[in-house]
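Please read the structure below before turning to the comments.
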Amino acid sequence: MEIDPPNKGQVFDKHFADRIAVLFAAVIVLYSASGPISEFVRWFIETTTPAFDEMSRRDQRVFLREHWLGSTYRSFEQSFLLPTGLIIGLPIVLSFVVTLLTLHRKEGLRWLNWTMAGLAVAAFVSWIVVIFASDAGVLPSARALDYVMFPLASVITLYLTYRLFGGFIVAFCLFWVIYFFVKGFLPEWTGILAGSESTFGQNLRQMILQFWAQTGGMFGQPIQVVTGNVLIFIVFGAVLMASGAGDLLMKIANRLTGGFVGGAAHAAVASSALFGTLSGAAISNVVSTGVMTIPVIRKAGFRPPFAGAVEAAASTGGQIMPPVMGVVAFFVAGQIGLEYRYIVVAAILPAIFYYLGTFLAVYFEARKLGIGALPEHERPKLTRKERVQCLVFVAPLGTLSYFLFAQPSVPKAGFYGLIVALLSATILFREFRSRDKIWRAFVDAGRMAASIVVIVTAIGLIVGLIQTSGFAGRLSLLLAEVASGPMPIVLLVVALGAIVLGMGLPPGATYFIIVIALSSGIDTVGIAPLSLHLFVVFFAMMSTVTPPVALAAFAAAPIAGADPIRTGFEAAKISLAGFLIPFVFVYHPAVLYKLQVLFEWFGEDRVSSKAMIDVSTVTWFDFGWIVVAFILAMWLIASALAGFDRKRLTPVERILRIALGGAALLPQLAIAVPTAAAGLALIVIGPRLAKNAGPATN
């Protein structure tokens, strides 16, 4: 479709949308700063009141409320920072306006953008008013106006989701909308789909009461988690990327990995891992780093599908890369009632395992094709200035990690991390010291946050429909029946469900849908909630590189000039470790839990939570064994899939390596230890048995 060149009207719309985006970013920062501001107000009052320490605690509380600064802040807090309607509704309103004003780029459709933006504001402001009334004590009810505003808000949400994220997730949502109204008319033979009968009017009234008159559906847990914890990290990452840190990251990655066999491809893996510490979004990682890495990988001699697959697989791992870990990790924390810092520590070793597997897959493919390291003159050297500029990562991430671990408040950690990131970028990057650069950073942050709010609002609608329809309860009963069988079968059912549901859906949506099914059956499954939820997270993540709908691979394929399906299959093969790791940490809990001892080293009590196992039951031997076993297993399996180690492997040896690698990961040491020894022996003597020496042709 041909797009007309921008005119004054379109330029005005863009500038206006940019201002709203910056306002949105400022609101995000303000909400995350509520804790630090409260601490500052208290500190200021205490410091400027000489006799404060001599007061009784009761008098101190009264004085804090009556002091001019304390009363002013308290009034601001109660009117803006605490109301549920504003905490959830204001980000939605601003996000929809930012997105809608630039949705259609033809001059003749400007009126449609403004009309839809106006309708969105009217609909969601109407919901904010309803929730304000509810907070004031008014009982939830279905008013005549709600029968107009709720469908209007839902239609705009689904339309925006379609325009930004495609038709699959919208079709999935519409399926559950239709199901909500027809469930009572389905015959018994449809099994768990058949529900209780009710009229169209009753269903619609129930939907409005649950999804509009209260904080359910679009305003449920997904958007609550995102507005409360996630959006500040979007601003944090946007500031660092706008500062020029992205180019420095790429240079660091090339320098670190250029000396390895297949160095160009390893640079993509390293850069995506580094980007993953800042952004946990696979698609954005592919787009931001892929335009730089994929052409270099192709130039080194790798096939186009493989070049795109490397970037897709590496970017996918960013979703479980501490300390940010993407949106879904915050969902886990909220769902199982566990502090986010424990989830970050649990993810450290799985993330290392994932990138180790990706590294080995690339390494053996490079050896097979005879692709060596990057020539010395192509390996960028960091200048003295650039070495100093590395502090732009160290200082903000260090600050972020400190507040996540030492003072477990996620919004506070994000706020202080952002402040340090802004200061570091301003000091270390001369080009960032301009009003335009900083303005652009906050525009980008507001726009990225807006797109996340749109998709999470749609996810909330899907989750609400599944819960309210009763389908989740019936699915839980089915799961309870399945859970009485062998554990491997139960895990396979959950894994396949996450992968199938995840095809075309963001990992956050997949996670919530699966977890809803597990919500009343978790105790039956017999796995610690953290282990089970991270199991779901991993397979939801892996759905982005699983054909036929591998979103990360589909994003990388056009950049590589490759077929999307072939790229998807290559990406699934490269990221094979991601399919194994969830089973590994279920049967080897030391992977998730042994490093929790870090908190004891910092002077805290032993970690104890119903969401976790007793960490004292895992030993350093358990931890050390699974690290060694996993490295050996991935060496065997990755070389078998590539068909090459130091020489070409025979078909028999490839099969044998896969079998030995899988057996080495079994929890029964009586089997795992001998097979690991046999696998090690095969690696050592394999080249003497292999035939057809020399690199394979492409």
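Quick note: numbers below take in every heavy atom, side chains included, and nothing from hydrogens, waters or symmetry partners.
- A search for side chain to side chain donor-acceptor pair (under 3.5 Å) contacts involving W114 returns D13, not counting sequence neighbours.
- Side chains of T316 and T544: a donor on one and an acceptor on the other come within 3.5 Å.
- Side chain of Q210 to backbone of G217: no donor-acceptor contact under 3.5 angstrom is found.
- Judged as a salt bridge (Lys or Arg N to Asp or Glu O under 4.0 Å), and not counting sequence neighbours, the contacts of D18 are K14, R440, R447.
- Considering only residues two or more places apart in sequence or on other chains, Y162 meets the side chain to side chain donor-acceptor pair (under 3.5 Å) condition with none of them.
- Looking at residues two or more places apart in sequence or on another chain, you find no ring-ring contact (aromatic ring centres under 6.0 Å, His included) involving F24.
- E46 meets the salt bridge (Lys or Arg N to Asp or Glu O under 4.0 Å) test with R42; sequence neighbours excluded.
- Using cut-offs of 30° and 60° on the angle between ring planes, the pair F211 and F150 is tilted.
- Residue-environment remark: CZ (F16) stays at or below the threshold of 12 foreign heavy atoms within 6.0 Å.
- Side-chain N or O atoms of N113 include none that pairs as donor or acceptor with a backbone N or O of R110 at under 3.5 Å.
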Just do the side-chain contact (heavy atoms from CB on, under 4.5 Å) check on F80 and Y31 with the steps written out, would you? CA-CA 9 Å; F80 185 78; Y31 274 122; 4.0 Å; yes
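- Using cut-offs of 30° and 60° for the angle between ring planes, the F233 and F236 rings count as perpendicular.
- For the ring-ring contact (aromatic ring centres under 6.0 Å, His included) test, residues two or more places apart in sequence or in another chain that qualify with F96 are F124.
- Here the CD1 atom belonging to I459 is positioned 12.0 Å from the OG1 atom belonging to T157, to the nearest 0.5 angstrom.
- Panel note: side chain T72, backbone W68; a donor-acceptor pair is recorded below 3.5 Å.
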